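To start, the structure under review is shown below, and the notes come after it.
Small disclaimer: the values here were computed from a predicted structure and weren't measured.
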Amino acid sequence: MFDGFGFFEMLVVVVLGLIVLGPERLPVAVRTVSGWVRTIKRMAGSVRTELEQELKIEQLQADLKKAEAKGLKDLDPGLQQSIQELREAAQSVNRPYAESDAQAPAAAPAPATADNETKPAAAAPSAAPAESKPKE
């Protein structure tokens, strides 16, 4: 981070900070600035990873267009790998929906019948918590 700063420059900044801020406020100022630097680094890392993901998606799309142009035959290994990654990604996106669709009929409530309506309400389990202490 401090590639352009040498020991002498850092020493000058610390001495100026001591003179301007004083020894009481200098640690607070250093913590504040270091917090800003951490936040900026975190944001820059986040932007970098998002850009890398977007570039990878663009590359995969370009590879897919090349593969479609060749008719998905006689492809080099890089294009085959890109197509396989796209297929796996599509399956992983579709898989959660397929699982939720398969579970939906099983989770549906049973239709109300005469037997369900005649059961007494006392037979139902109580929903009250066992013990609840107020937090102080």
Side-chain angles (χ1 to χ4, degrees):
M1 180 176 149
F2 297 107
D3 294 335
F5 292 107
F7 178 74
F8 182 71
E9 287 87 2
M10 294 293 286
L11 184 64
V12 169
V13 169
V14 169
V15 169
L16 284 175
L18 276 172
I19 293 171
V20 172
L21 296 175
E24 297 88 22
R25 291 185 285 175
L26 184 63
V28 175
V30 169
R31 275 187 240 122
T32 303
V33 170
S34 66
W36 289 344
V37 170
R38 266 188 256 120
T39 302
I40 290 171
K41 280 185 176 181
R42 202 175 314 128
M43 290 172 60
S46 163
V47 168
R48 185 181 68 232
T49 56
E50 287 180 18
L51 285 175
E52 288 173 353
Q53 289 175 351
E54 288 295 323
L55 290 174
K56 184 176 180 181
I57 289 171
E58 290 292 326
Q59 181 64 35
L60 289 173
Q61 288 176 345
D63 289 346
L64 183 61
K65 287 181 182 179
K66 287 179 188 177
E68 287 176 351
K70 290 185 176 183
L72 298 175
K73 298 176 185 175
D74 301 326
L75 301 174
D76 65 349
L79 286 176
Q80 288 177 349
Q81 181 181 5
S82 294
I83 291 172
Q84 184 62 30
E85 288 177 9
L86 283 172
R87 286 181 181 154
E88 290 171 0
Q91 288 174 356
S92 69
V93 168
N94 291 333
R95 198 172 300 132
Y97 296 115
E99 290 174 2
S100 65
D101 289 343
Q103 293 174 356
T113 62
D115 294 333
N116 289 346
E117 293 172 0
T118 59
K119 290 183 182 178
S126 175
E131 289 184 37
S132 66
K133 294 181 181 178
K135 293 183 181 180
E136 295 181 11

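- The heavy-atom pair separating L21 from A29 by the smallest distance is CD1-CB, 3.5 Å.
- Distance check, rounded to the nearest 0.5 Å: CD1 of I57 to CD of E85 gives 11.5 Å.
- Summarising the geometry, atom CG belonging to L51 is positioned 15.0 Å from atom NZ belonging to K56; distances are rounded to the nearest 0.5 Å.
- Taking CD from E52 and CZ from R48, the interatomic distance works out to 6.0 Å, rounded to the nearest 0.5 Å.
- Scanning for side-chain hydrogen bond (donor to acceptor under 3.5 Å, both in side chains) contacts around R38 gives S34, with sequence neighbours left out.
- Inter-residue side-chain proximity for S46 and R42 is flagged as unmet; no heavy-atom pair is nearer than 4.5 Å.
- Connection of L26 to V13 is not established within any shared hydrophobic cluster, with ILVMFWY side chains joined at heavy-atom distances below 4.5 Å, either directly or through further cluster members.
- For the atom pair CG (L60) and CD (Q84), the distance works out to 12.0 Å, reported to the nearest 0.5 Å.
- Under a hydrophobic-cluster definition in which Ile, Leu, Val, Met, Phe, Trp and Tyr are linked whenever side-chain heavy atoms come within less than 4.5 Å, directly or via other members, V12 and V14 are assigned to different clusters.
- To the nearest 0.5 Å, atoms CG (L11) and CG (L16) are separated by 9.5 Å.
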